[in-house]
Structures are given as C-alpha cells and as structure tokens.
Novice: 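Provided herewith is a single structure, encoded as structure tokens, for subsequent inquiry.
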Amino acid sequence: MPQTSKPVAIIIPARYGSSRFVGKPLAMITGRTMINRVWSLARAVSGVNEVCVATDDERIAEHVRSFGGDVVITPKECTNGTERVLRAAGMLATRPAVVVNLQGDAVLTPPWVIAALIDQMRRDPTVEIATAAVRMDKRSYEALRAAKGQGEVGGTTVTFDRRGNALYFSKSVIPFVRDDKQGLGSDALPVFRHIGLYAHAYETLCRYVSLEPGPLEGSEKLEQLRALEHGIPVRVVEVDYGGRTHWAVDSPDDLKRVETIISEEGDLVGA
C-alpha cells in the first residue's frame, strides 16, 4: 500500500472530571466550547479519514453529537488520555494505520502543525511515533528559564539527533546555553519547546500502552519518556506556528489568556 494511502484517525480524548478544571471540554471560549474548537481544528486537516472525540462522559458525548461530531464512548477505567485514544482507535469501523492524539485542550494548535506529523508518518514508514517541537528564540528561552527559576512546572523541552529522533524530553530547559560566543543569533538557539501532540503507528500505540513506566517517566512525569526508556524512537518534527502563540488550557485562568490571543492573532476556527 502506498504510504500516502495510510488511513489516519485524529482522536481527541476529553474527560469531564479533570481535577484542575472540572467540565473543561465544555468551557466556552469566544462563543464556542473548547471541544468544539479542537474538533474544528482537526476537521480542517486534509487527508484525514476520521476525526472523533473519545470520552467516558455522556454530557460531552451529547454536546459533540449536537454539532455533528463523531463520538466513541470509552471505559471509565482508562487511566490517561493515551489509553483512551487507543481504546477508541480499536473501536472505529476502519482500523487506522496512524493515530493522532490531539489533546482536548489544544485550542490554539494550527491545522498545519497536525498535518506536519501526519506527513512525516506517511513519508517515512520507519517512524513509529512523531511529535512536534518549536525552536525557541533568545527572548522565549530567557522567559522560560525565568519561569522555571520561579518554580513553574509547565513547559517541556526536547533534544534530538541529526535524524530528528528524540534524545530526551525534560521539564528542565535543555540544552543549557552556556554563553553567546557560539555565534548563535536570536533565532538560532538549539533549544526546542515540545508540543504535546503525537502521531503513532497503531501497532506502536498498542505496544506503548502495554509497557511499564520507567524511572525517568516517574521522575519527570512525562509519558513520552516511556517510549525512549523502552527503546522506541520518537521522531521530532520541527514546526512553525507562523507567528502564532502556543498555549494550552490547564485552568480556568487560562481561558481569558486564550481569548486574548484569539482576539489579537485571529481565530483559526473561523466563523
């Protein structure tokens, strides 16, 4: 089968009972619910065979159906979004070769970023997992370092080899830029902020979910380290947000920030 014909499903895990933000998928952002926005972004990606929301909550399911979205009801015992995505993928009428895990709070993810991961999976049959990263400039690097110095946990960075395969993901800022004497311009720092978006080969996703977490994942609290600890390569795709801001919604306070970004930069979802 030609690589371009690989069936692709974008699955959006959505949970009502988030400890930090109960009912988050149904929160309103500039006239639309969060889950409606994320679903609309996924639907804007060309060449995708199926887009669905995976949830265990009937309130979310009913709302998704109300705007014409497809829903897969997954068991309540799913322990995380990745497991929920796998269960949903296995319940689809056509089993996908590539499964994209698009987080239900990723309301500012440009469709072309999602498409870049799918293109990588289709072009290179050896890639088992693909994820996205954005190169940081000097200003954003210093801002992230300052935030980490104040104890903030958010923000993950990644290093990778010359083939683009991840070497390590960390909540620390890696690599440490010792000085400016390397001749690096403000837009050429070798520091990449990780975007929590993943495309998996279906068989690899099955294997990944069956694996035991390792000490690095336990220390950093980063699920993607499980793949590296078990020898599964993760291809890092450098993406360009086109000047747009990357932001996820972790708490109710983030809603106003996201609405401000949409107001200033334009709405990716449209009218």
Side-chain angles (χ1 to χ4, degrees), residues 4 6-16 24-57 60-74 78 80-122 129-132 134 195-202 205 237 239-242 244-249 258 261-262 265-271:
T4 53
K6 280 186 175 182
V8 175
I10 299 177
I11 301 178
I12 306 164
R15 193 164 63 94
Y16 190 91
K24 182 166 70 167
L26 302 183
M28 296 297 295
I29 300 175
T30 315
R32 291 176 183 248
T33 60
M34 183 181 303
I35 194 64
N36 179 279
R37 284 187 165 276
V38 177
W39 178 85
S40 298
L41 293 172
R43 290 279 296 175
V45 181
S46 61
V48 173
N49 301 83
E50 190 150 6
V51 174
C52 73
V53 174
T55 186
D56 62 358
D57 192 279
I60 295 173
E62 182 179 354
H63 174 63
V64 172
R65 294 186 193 108
S66 75
F67 59 73
D70 292 327
V71 180
V72 175
I73 302 296
T74 51
C78 290
N80 54 46
T82 306
E83 186 175 330
R84 193 174 305 283
V85 165
L86 174 60
R87 294 295 290 267
M91 296 164 71
L92 297 177
T94 300
R95 179 162 294 177
V98 176
V99 181
V100 178
N101 180 345
L102 177 61
Q103 293 300 313
D105 59 6
V107 292
L108 297 179
T109 306
W112 63 83
V113 169
I114 305 169
L117 296 193
I118 295 171
D119 289 345
Q120 179 68 213
M121 298 293 291
R122 281 177 162 157
I129 303 173
T131 192
V134 176
I195 307 298
L197 172 69
Y198 300 91
H200 292 81
Y202 179 80
L205 183 58
V237 180
V239 296
D240 184 353
Y241 264 57
R244 304 189 67 93
T245 302
H246 167 68
W247 200 277
V249 179
V258 167
I261 292 170
I262 291 172
E265 300 179 1
D267 198 339
L268 286 166
V269 170

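Nothing fancy with the numbering, it's 1 onward along the sequence.
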Novice: Just wondering, do C52 and L92 contact through their side chains at under 4.5 Å, heavy atoms?
Specialist: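 Yes, their side chains come closer than 4.5 Å.
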
Novice: For residues 42-50, dump all side-chain donor-acceptor pairs below 3.5 Å to protein atoms at least two apart in sequence or in another chain.
Specialist:
from	atom 1	to	atom 2	distance (Å)
N49	OD1	V8	N	2.7

Novice: For the residue pair Y198 and H200, does the interplanar ring angle fall in the parallel (under 30°), tilted (30 to 60°) or perpendicular (over 60°) class?
Specialist: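 Ring orientation, 0 to 90° scale: tilted.
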
Novice: With a 4.5 Å limit on heavy-atom distance, are the side chains of T55 and Y16 in contact?
Specialist: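 When only atoms from C-beta onward are counted, Y16 and T55 do not touch, as no gap falls below 4.5 Å.
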
Novice: Return all side-chain donor-acceptor pairs below 3.5 angstrom for residues 96-104, not counting sequence neighbours, or 'none' if the list is empty.
Specialist:
from	atom 1	to	atom 2	distance (Å)
N101	OD1	Q103	NE2	3.0

Novice: Hey, does R37 have a side-chain heavy atom less than 4.5 Å from the side chain of I262?
Specialist: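 SC-SC contact between I262 and R37 confirmed.
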
Novice: What distance do I195 atom CD1 and T131 atom OG1 have between them, rounded to the nearest 0.5 Å?
Specialist: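 One finds 8.0 Å between CD1 of I195 and OG1 of T131.
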
Novice: Roughly how far, to the nearest 0.5 Å, is the CG atom of L108 from the CG atom of L41?
Specialist: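 So the CG of L41 and the CG of L108 are separated by 8.0 Å.
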
Novice: Nearest heavy-atom pair of C78 and R87: which atoms, and what distance?
Specialist: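 Heavy-atom minimum between the residues: SG-CG, 3.8 Å.
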
Novice: Given side chains that start at C-beta, do those of V107 and W247 come closer than 4.5 Å, heavy atoms only?
Specialist: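 The answer is no; the side chains never approach within 4.5 Å.
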
Novice: Would you find a donor on one side and an acceptor on the other, under 3.5 Å apart, between the side chain of R122 and the backbone of K6?
Specialist: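 Checked: pair present.
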
Novice: Which class fits the ring pair H246 and Y241: parallel under 30°, tilted 30 to 60°, perpendicular over 60°?
Specialist: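 Perpendicular: the ring planes of H246 and Y241 meet at over 60°.
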
Novice: What distance separates I129 CD1 from L117 CG, expressed to the nearest 0.5 Å?
Specialist: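 Nearest 0.5 Å value for the CD1-CG distance: 12.0 Å.
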
Novice: Roughly how far, to the nearest 0.5 Å, is CG of L26 from NE2 of H63?
Specialist: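 H63 atom NE2 to L26 atom CG measures 6.0 Å (nearest 0.5 Å).
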
Novice: I need the minimum non-hydrogen distance between W39 and G68, along with the two atoms involved.
Specialist: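 Answer, listing the atom of W39 first, then G68: CZ2-O, 4.0 Å.
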
Novice: How close do T245 and E265 get, heavy atom to heavy atom, and via which atoms?
Specialist: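 Smallest heavy-atom distance, with atoms named: OG1-OE2, 2.5 Å.
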
Novice: What salt bridge (charged side-chain N to carboxylate O under 4.0 Å, His left out) pairs are there with at least one residue in residues 92-115, not counting sequence neighbours?
Specialist: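 Counting only pairs at least two positions apart or across chains, the salt bridge (charged side-chain N to carboxylate O under 4.0 Å, His left out) contacts touching residues 92-115 are K24-D105.
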
Novice: Distance check, rounded to the nearest 0.5 Å: E83 atom CD versus T74 atom OG1?
Specialist: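 Nearest 0.5 Å value for the CD-OG1 distance: 9.5 Å.
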
Novice: Using side chain to side chain contact (heavy atoms under 4.5 Å, CB included), reason through V113 and V237 one step at a time and then give a plain yes or no.
Specialist: CA-CA 9 Å; V113 169; V237 180; over 6 Å; no

Novice: Got a second to check how far D70's CG is from I11's CD1, nearest 0.5 Å?
Specialist: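 It comes to 11.0 Å.
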
Novice: A89 and Y202: which non-hydrogen atoms are nearest, and at how many Å?
Specialist: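 For A89 versus Y202, the nearest heavy atoms are CB-CE1, 3.9 Å.
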
Novice: Counting C-beta onward and ignoring hydrogens, is there a side-chain heavy-atom pair between W112 and V239 closer than 4.5 Å?
Specialist: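 No, every pair of side-chain atoms sits at 4.5 Å or beyond.
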
